[in-house]
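Report on one structure; see the data block that follows.
Heavy-atom basis, side chains included; hydrogens, waters and symmetry copies ignored. Residues take their numbers from the sequence shown, with the count starting at 1.
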Amino acid sequence: MYDVAIIGGGPSGVAAGIYASRKKLKSVLITKDFGGQSVNSASIENFIGYKSISGVDFAKTIEEQLRANDGIEIKDGLLVVSVKKLGDYLFEITDSAGGIYQTKTILYAAGSVYKKLEVPGEKEYEGKGVFYCSICDAPLMKGKSAAVIGGGNSALEAVIDLLPYASKIYLITRSGIKGDAVYREKIEKESKVEIINNANTQEIFGDAFVKGMKYKDSTTNEEKTLDVSGVFVSIGWTPNSGLIKDLVKADAKGHILVDSKTQQSSMPGIWAAGDVADGLYAQIGPAIGEGIVALLNIYDYIVSENKA
């Protein structure tokens, strides 16, 4: 019987794991891998303590810090496949290897997955010119034209990742750039980058690989075509809340609704933090804070319930 089971190895889950160890709670952290969405960043420059660190190195750093703490069991390389409520103060978790864990509380920090465009050609050309990870696949665009779809920080980072490789980069946004000014200023100086606003992607086409895409100008309703060899989709993420959707309340997009002071969900005994929760800002710093707040509140909850 665990005091707390932490699901997820991103910044919020790892931060909570470190605090669980320091609070001497009997705890387990279950994750497929470490770092969450942060591993897709070529350079993280807004995390306190580091002038710049790659997403991969950041993931290694937080994993090493977690493993340096005694008192927490780490089950990595595993997916959680089910979460059940057995009774008051009792939950059961099953992992992809058949492992079963019983716990008094759960911190659900399962993160998110890339959001899809859901347009013709996207699924057919996934991995054949349609990409979701610019740091992984930007080198494939050496000497070729590419389109990045999105207007937030992840899209601007994708453009920056492509700069050393692509001969031409189109940034396709529906309603303008919303990312940080420091990124916007960097790409606006690049002659190979063309920004196309008010554009709704209609189709991705090709033969064996992507050869182009179509979009509609929302101001003129005119459909236009771009000849590109790659389309990098950077329009956000969908929360991984499916496993507990029947246990907790969530918003229309699937984010778990939590108390902003405690990170408690609508179900007593379940907390949520990071991208899967309904926080305003999906960034590393807030995610770490949410994980810590959740764990501290879990500790108070366990102490008060044990006293009762």
Side-chain angles (χ1 to χ4, degrees), residues 37 40-42 112-239 252-254 275 280-283:
Q37 294 291 352
N40 297 317
S41 293
S112 56
V113 293
Y114 293 111
K115 189 178 290 184
K116 303 295 182 68
L117 289 167
E118 305 295 345
V119 299
E122 180 183 24
K123 183 177 181 180
E124 292 84 345
Y125 290 104
E126 187 170 331
K128 301 176 182 178
V130 173
F131 306 111
Y132 301 90
C133 175
S134 57
I135 193 172
C136 312
D137 299 309
L140 298 175
M141 293 294 104
K142 188 173 183 179
K144 300 176 181 178
S145 295
V148 174
I149 300 174
N153 277 344
S154 60
L156 302 188
E157 288 179 357
V159 172
I160 292 169
D161 290 341
L162 283 161
L163 286 174
Y165 305 103
S167 58
K168 177 72 177 181
I169 305 165
Y170 299 96
L171 176 60
I172 313 296
T173 83
R174 295 185 66 178
S175 55
I177 294 175
K178 300 176 181 178
D180 292 348
V182 65
Y183 290 141
R184 183 172 65 249
E185 290 169 1
K186 182 177 179 66
I187 68 171
E188 286 176 345
K189 294 176 182 178
E190 298 289 339
S191 60
K192 69 166 68 176
V193 178
E194 181 178 338
I195 301 170
I196 303 175
N197 296 317
N198 305 309
N200 295 316
T201 304
Q202 301 295 301
E203 180 186 358
I204 299 168
F205 61 88
D207 41 41
F209 296 91
V210 167
K211 297 186 71 175
M213 62 167 287
K214 295 179 181 179
Y215 70 91
K216 182 175 287 186
D217 187 323
S218 60
T219 60
T220 65
N221 212 34
E222 182 182 358
E223 189 171 89
K224 300 181 180 181
T225 299
L226 293 175
D227 294 328
V228 293
S229 298
V231 176
F232 289 77
V233 181
S234 302
I235 57 173
W237 299 274
T238 299
K253 295 182 179 179
D275 287 358
L280 282 177
Y281 307 107
Q283 295 192 7

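- A heavy-atom distance below 4.5 Å is found between the side chains of Asn200 and Arg174.
- Between Leu163 and Val193 the shortest side-chain heavy-atom distance falls below 4.5 Å.
- Atom OG of Ser154 and atom OH of Tyr183 lie 10.0 Å apart (nearest 0.5 Å).
- Counting non-hydrogen atoms of neighbouring residues, nucleotides and ligands closer than 6.0 angstrom, the NZ atom of Lys192 exceeds 12 such neighbours.
- Remark: Lys128 pairs with no residue by the salt bridge (charged side-chain N to carboxylate O under 4.0 Å, His left out) rule, at least two apart or across chains.
- Judged as a salt bridge (charged side-chain N to carboxylate O under 4.0 Å, His left out), and not counting sequence neighbours, Glu190 has no contacts.
- Looking only at side-chain heavy atoms (C-beta outward), Thr173 and Lys178 stay at 4.5 Å or farther from each other.
- Applying the salt bridge (charged side-chain N to carboxylate O under 4.0 Å, His left out) criterion to Lys116, with sequence neighbours excluded, gives Glu126.
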Could you list the donor-acceptor pairs under 3.5 angstrom formed between side-chain atoms of residues 217-225 and any protein atom two or more places apart in sequence or on another chain?
{"residue": "Asp217", "atom": "OD1", "partner": "Thr219", "partner atom": "N", "Å": "2.8"}
{"residue": "Asp217", "atom": "OD1", "partner": "Thr219", "partner atom": "OG1", "Å": "2.5"}
{"residue": "Asp217", "atom": "OD1", "partner": "Thr220", "partner atom": "N", "Å": "3.4"}
{"residue": "Ser218", "atom": "OG", "partner": "Asn198", "partner atom": "O", "Å": "3.1"}
{"residue": "Thr220", "atom": "OG1", "partner": "Glu222", "partner atom": "N", "Å": "3.2"}

Which side-chain N or O atoms in residues 135-145 pair as donor and acceptor under 3.5 Å with protein atoms at least two apart or in another chain?
none

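- Under the 4.5 Å side-chain criterion, counting only non-hydrogen atoms from C-beta, Leu117 is not in contact with Val130.
- Counting all heavy atoms, side chain and backbone alike, Val210 lies closest to Gly230 at CG1-N, 4.3 Å.
- Nearest heavy-atom pair, Lys115 versus Ile235, reported as atom, atom and distance to 0.1 Å: O-CG1, 3.7 Å.
- Applying the salt bridge (charged side-chain N to carboxylate O under 4.0 Å, His left out) rule to Glu194 yields the partners Lys168; only residues at least two apart in sequence or on another chain are considered.
- Between Val233 and Tyr114, the closest side-chain pair of non-hydrogen atoms is not below 4.5 Å.
- Using a 4.5 Å heavy-atom cutoff, the side chains of Leu171 and Ile177 are in contact.
- Atoms CD1 and CD1, from Ile149 and Ile204 in turn, are 5.5 Å apart once rounded to the nearest 0.5 Å.
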